[in-house]
Amino acid sequence: MRNFLLSILWMSIIGNAIQFLIMATATWQIISGSYSFSDLTLEVYVTQLAPWLSWIKTVLAAMLGDLGSAILTLPIFVISPMKFVAGLVIGWWANTELKNLSTEPALQ
């Protein structure tokens, strides 16, 4: 159980670091005037600014259908903070559960 929770915690930390970098680059694009807030959608971001993330577009469309297409039209600053906060909550939960686990070995 400890390894599982540690894996969740570290995936959350790494995912939030990447999400923070995505928000930073999107902020820079808006501040520099390349895009406006409403023009910088998730689809624009993954196809033009970070083509290495283009697989996200395919996965969203395949798994969620029309809802996935609707999510792709949201501005990056609507969806990114939601993902960031969700990662924080999941990481916090995993950390709390790890603290509550006993450090004594199980009796055999």
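Here the structure is a predicted model, which is why all the values come from computation and not from measurement.
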Legend entry - Heavy-atom pair of closest approach, residues I30 and F37: CD1-CA, 3.9 Å
Legend entry - Point-to-point distance, once rounded to the nearest 0.5 Å, from CG of L74 to CG of L40: 12.0 Å
Legend entry - Connected via hydrophobic side-chain network under 4.5 Å: L49 and L21: no
Inset, instruction - Treating Ile, Leu, Val, Met, Phe, Trp and Tyr as nodes and any side-chain heavy-atom pair under 4.5 angstrom as an edge, say whether L53 and F20 lie in one connected cluster. - result: yes
Legend entry - Cluster check M11, I13: I/L/V/M/F/W/Y, side chain < 4.5 angstrom: no
Legend entry - Residues, nucleotides or ligands: over 12 heavy atoms within 6.0 Å of N100 CG: yes
Legend entry - Within one Ile-Leu-Val-Met-Phe-Trp-Tyr cluster: W52 and I14, side-chain cutoff 4.5 Å: yes
Inset, instruction - Spell out, yes or no, whether I76 and L64 are grouped together once hydrophobic residues are joined by side-chain heavy atoms under 4.5 Å, including indirect joins. - result: yes
Which atom pairs, one a donor and one an acceptor, fall under 3.5 Å between side chains of residues 78-96 and the rest of the protein, sequence neighbours left out?
residue	atom	partner	partner atom	Å
S80	OG	Q19	NE2	2.5
K83	NZ	Q19	OE1	3.4
T96	OG1	W92	O	2.8

Inset, instruction - Check side-chain hydrogen bond (donor to acceptor under 3.5 Å, both in side chains) between T58 and all other residues, then give those that pass, not counting sequence neighbours. - result: none
Inset, instruction - Write down the atom of Q48, the atom of Y35, and the distance for their closest heavy-atom approach. - result: OE1-OH, 2.6 Å
Inset, instruction - Write out all pairs satisfying salt bridge (Lys or Arg N to Asp or Glu O under 4.0 Å) with one or both partners inside residues 32-48, taking only residues at least two apart or from two chains. - result: E43-K57
Legend entry - Flag, side chain of S12 to backbone of I8, donor-acceptor distance under 3.5 Å: no
Legend entry - Nearest atoms (heavy-atom pairs only) where S38 meets P75: CA-CG, 4.4 Å
Inset, instruction - Verify side-chain contact (heavy atoms from CB on, under 4.5 Å) between L72 and L60, making sure each step is shown before the conclusion. - result: CA-CA 8 Å; L72 287 169; L60 279 174; 3.9 Å; yes
Inset, instruction - Measure the OG1-CD1 distance between T27 and I22 for me, rounded to the nearest 0.5 Å. - result: 11.5 Å
Inset, instruction - Report yes if the side chains of L98 and L6 come closer than 4.5 Å at any heavy-atom pair, otherwise no. - result: yes
